[in-house]
There are 2 protein chains.
Amino acid sequence: MNATPKLGKVQLQIMQVLWARKRATARQITDELNRQKPTGAPPIAHSTVQTLLRKLEAKGAITHSIEERTFVFEPLQEKSEVETGAVGDLLTRLFDRSISGLVAHLVKHEKVSPEELRRLRQVVEQAEATAQASQDVKTSKEEAQ
Amino acid sequence: MNATPKLGKVQLQIMQVLWARKRATARQITDELNRQKPTGAPPIAHSTVQTLLRKLEAKGAITHSIEERTFVFEPLQEKSEVETGAVGDLLTRLFDRSISGLVAHLVKHEKVSPEELRRLRQVVEQAEATAQASQDVKTSKEEAQ
DNA sequence: CATAATTGTTTACCTTGGTAAAAGATAAGG
DNA sequence: CCTTATCTTTTACCAAGGTAAACAATTATG
């Protein structure tokens with residue numbers, strides 16, 4: 001029942017605040033979210049944030065302790081976990097689990113600047129080099145036997 | 001009101017069938033979805049599929065015509081559009097709009113085989129070369145003036 | 001022709017996310 | 001002490017996705 005229970009849009013925004021600050025009160029989160037909102041946009045109500053915090057806690061994404069009679073929330077799930085869940089979902093739903101299919105879409109349909117492309121290539125090259133290195137280790141271990 | 005209205009999980013499965021077959025009746029879609037389901041999983045009811053087809057049409061994702069007194073559905077939105085919407089959503093919600101951030105997550109946390117990594121690098125290199133080429137064209141045009 | 005099968009329509013229910021006011025509890029200020 | 005401010009809890013709605021039975025219309029079929 002506990003494999004990254006899928007968070008909504010605002011729930012994720014709350015998690016972002018918690019990931020950034022490690023711990024925060026409901027009030028701090030409300031203020032932060034409203035600070036982020038573009039001017040003119042209707043602010044989120046404090047009670048809304050509290051309701052969502054409850055729901056997040058109910059599904060095990062966060063926890064709280066009490067300090068000076070006030071709830072202090074902390075994330076339980078880490079960002080990379082949630083990312084993996086969301087990315088996995090996207091891969092399954094639209095890209096037939098093909099990672100290169102997803103990246104192909106990215107470079108084809110999202111506008112990627114040349115610098116971003118360069119960064120992208122470096123990320124992939126780095127990963128390839130790392131994979132090669134650990135393969136080498138494995139091979140030399142096998143040879144040593 | 002019409003910027004890729006976000007489709008649910010089953011709605012996407014229906015769209016996949018339509019994208020693959022170009023056109024299909026509700027019955028064909030139901031059968032296909034149930035064929036795809038792992039054995040033992042409860043089959044989806046035909047009326048469920050029909051309800052979802054209605055909702056999809058209501059939001060402009062598909063349309064239908066009548067042939068031999070039976071509805072034949074066709075996709076209106078194309079796959080790449082929907083992909084762009086879903087990917088954009090993911091980028092906004094979790095990766096601060098950073099494409100290389102997303103790809104970094106992919107190669108770090110999803111298990112990517114060496115072959116897939118190679119394919120990945122080729123995809124990126126290809127895109128880089130293409131970008132370079134169009135940049136060259138633009139440059140030579142400017143020089144020609 | 002009567003009945004069974006198919007197709008589309010209507011209606012209903014459940015869940016989750018989001019929104020927020022209202023109510024309750026308690027500490028702080030005047 | 002009474003009021004105000006600040007929390008938390010309770011309660012209520014709405015929308016969307018998903019699920020599917022029940023109903024109506026129409027076509028096949030024995």
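Below, read A as the first sequence line, B as the second, and so on, with proteins coming before strands; counting in each chain starts at 1.
Closest to the B:Lys59 side chain, of the nucleotides D:dC7, D:dA20, D:dG17, is D:dG17. Closest contact between the side chain of B:Ile44 and the listed nucleotides D:dA21, C:dG18, D:dT19 involves D:dT19. With C:dA20, D:dA21, C:dT7 as the choices, the nucleotide that has an atom nearest any side-chain atom of B:Arg27 turns out to be C:dT7.
The shortest distance between the side-chain N/O atoms of A:Gln11 and the OP1/OP2 oxygens of C:dG18 is below 4.0 Å. Proximity of A:Arg69 to the phosphate of D:dT6: no side-chain N or O atom is located under 4.0 Å from OP1 or OP2. Between B:Thr48 and D:dT19 there is no side-chain polar atom (N or O) within less than 4.0 angstrom of OP1 or OP2.
For D:dA20, its base sits under 3.5 Å from the side chain of B:Thr51 at one donor and acceptor pair at least. The base of C:dG18 sits within donor-acceptor range of the side chain of A:Lys55, with an N or O pair under 3.5 Å.
Atom CD of A:Glu67 is separated from atom C1' of D:dC7 by 15 Å (rounded to the nearest Å). One can place CZ of B:Phe71 at 6 Å from C1' of C:dG8, the figure rounded to the nearest angstrom. The interatomic distance linking A:His46 (NE2) with C:dA22 (P) rounds to 16 Å, in whole Å. Separating the NE2 atom of A:His64 from the P atom of D:dC7 is a distance of 15 Å, rounded to the nearest angstrom. The CZ atom of B:Arg93 sits 7 Å away from the P atom of C:dG18 (whole-angstrom rounding). Rounding to whole angstrom units, NZ of residue B:Lys6 and C1' of D:dA15 are separated by 13 Å. With rounding to whole Å, B:Gln50 atom CD is found 16 Å from D:dG18 atom P. Rounded to an integer number of Å, the gap from B:Asp89 CG to D:dA16 P is 16 Å.
Using a 4.0 Å heavy-atom cutoff across all strands shown, B:Leu7 reaches no nucleic acid atom at all. Nucleic acid contact class of A:Thr70 (heavy atoms, under 4.0 Å, all strands): sugar-phosphate only.
Of the possible polar contacts, none joining the A:Glu67 side chain to the A:Val72 backbone as a donor-acceptor pair under 3.5 Å is found. No side-chain donor-acceptor contact under 3.5 Å links A:Arg93 to the backbone of B:Gly8.
The 5' end of DNA chain C is approached more closely, in terms of each residue's nearest nucleotide, by B:Ser47 than by the other of A:Ser47 and B:Ser47.
Distance check: A:Glu83 CD to A:Gln77 CD gives 12.5 Å after rounding to the nearest 0.5 Å.
Residue B:Ile62 forms a side-chain contact (heavy atoms from CB on, under 4.5 Å) with just one option from B:Lys55, B:Arg23, B:Glu57, and that option is B:Glu57.
Side-chain contact of B:His105 with B:Glu110: a donor-acceptor pair under 3.5 Å is present, judged by distance alone.
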